[in-house]
Q: 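Below: one structure in structure tokens.
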Amino acid sequence: MRKYIVAGNWKMNNTYDEGIKLCQAIIEKGPELEGNHKCIIAAPYIHLSSLSSLMDGTGYQVAAQNCHEEEKGAYTGEISASMLDSIGVEYVILGHSERREYQGENDAMLLKKVKQVLGNGMLPIFCFGEQLAEREAGSHFELVKSQIEGVLFQLSSVEMEQVILAYEPVWAIGTGKTASSAEAEEMHAYVRALLLEKFGTEIANNSTILYGGSCKPSNADELFACENVDGGLIGGASLKSDDFIALITALQNAKS
Ligand code: 13P
């Protein structure tokens, strides 16, 4: 069954105390999650263990924003998938455009990371999306296809059915400029068609494809109403409890 998800990506924001307060406000005031609706908070590493305890039994779940591609060893400053699993982390964001750009993450590294996350019983939230220049040149479908082929098409069906996808057009991230619902739906439908061709009907229909990029309460209703948009990966608006809760409610209303 397809899952509907609002996932907050705090990125490099919130001191320890700020993060705890924000998480408490979300789980105290946020709606109960029913059926196949999920809410995930992807926090910096320092928050994960505490958030996992705070969220235990609430239905809300915790994600990391990255992990290392190797199992363990001499990688100073890095965090492995098994470490994340050991503190109750359930999802890991991988392939975010900020990491592709600033940390040089490529398909080969991301495939290893996806395998680490799956191998440790967690679920990857795999991000992809084009830059402004690629959209303007009309090569956005081609680019997205290559990002998906380079990583997800290398997985078995058993692995693929656990992956959550997130389309994040880079030009819409943190810019206040959202993809229109028509642009989002067009790309999401395209991605689902790619999954259909490669993995078949069941995986294509059951895969969750999130939209990310300046998604906020004022545009969420329109985006979440799209047939192939199964929720959002939220940056800025996940840092304010009221906005984030409004997004959870918007998704519940759109996919009830
Ligand atoms: P914004 O919602 O701030 O545009 O960020 C989106 C994002 O990158 C989520 O991962």
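Every number for a ligand or one of its atoms is a count from 1 in the order of the listing. The analysis underlying the following values was restricted to heavy atoms, covering all of them including side chains, and did not include hydrogens, waters or symmetry mates. Since the model is a prediction, treat every value here as computed from it, not as a measurement.
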Q: Going by the side chain to side chain contact (heavy atoms under 4.5 Å, CB included) test, name the single residue among Val117, Ile125, Leu111, Val163 that passes it with Leu94.
A: Val117

Q: Is there a heavy atom in Gly213 that sits closer than 4.0 Å to ligand 1?
A: yes

Q: Can you find an N/O atom of Gly236 closer than 3.5 Å to an N/O atom of ligand 1?
A: yes

Q: With nothing but distance in play, are any N or O atoms of Gly235 less than 3.5 Å from an N or O of ligand 1?
A: yes

Q: Between Lys255 and Asn36, is there a side-chain donor-acceptor contact under 3.5 Å, judged purely by atom types and distance?
A: no

Q: Considering the heavy atoms of Ser214, write down every atom of ligand 1 situated less than 4.0 Å from one of them.
A: 1 (P), 2 (O), 4 (O)

Q: Do ligand 1 and Glu98 have nitrogen or oxygen atoms that lie under 3.5 Å from each other?
A: no

Q: Using a strict 4.0 Å cut-off to heavy atoms of Gly174, name the atoms of ligand 1 that fall inside it.
A: 1 (P), 3 (O), 4 (O)

Q: Examine Glu168 against ligand 1 and note whether any of their N/O atoms are separated by less than 3.5 Å.
A: yes

Q: Take the angle between the ring planes of Tyr4 and His37 and call it parallel below 30°, perpendicular above 60°, tilted in between.
A: tilted

Q: Quick one about His96 and Gln65 (side-chain donor to acceptor, distance below 3.5 Å, no hydrogens or angles considered), yes or no?
A: no

Q: Take every heavy atom of Ala172, measure it against each atom of ligand 1, and state whether any distance is under 4.0 Å.
A: yes

Q: Backbone, side chain, both or neither: what part of Ile173 comes under 4.0 angstrom of ligand 1, heavy atoms only?
A: both

Q: Could you tell me whether Ala166 approaches ligand 1 through its side chain, its backbone, both or neither, with non-hydrogen atoms closer than 4.0 Å?
A: neither

Q: For ligand 1, does Lys11 get within less than 4.0 Å through its side chain, its backbone, both, or neither, judged by non-hydrogen atoms?
A: side chain

Q: Determine, for Glu159 against Lys115, whether the closest basic-nitrogen to carboxylate-oxygen distance falls under 4.0 angstrom.
A: yes

Q: Report yes or no: do Ile26 and Leu48 belong to one cluster of Ile/Leu/Val/Met/Phe/Trp/Tyr joined by side chain heavy-atom distances under 4.5 Å?
A: yes

Q: Nearest 0.5 Å please: distance from the CG atom of Asn205 over to the CG atom of Asn228.
A: 9.0 Å

Q: Give me the atom names and distance for the closest heavy-atom approach of Glu71 to Ser82.
A: O-OG, 4.5 Å

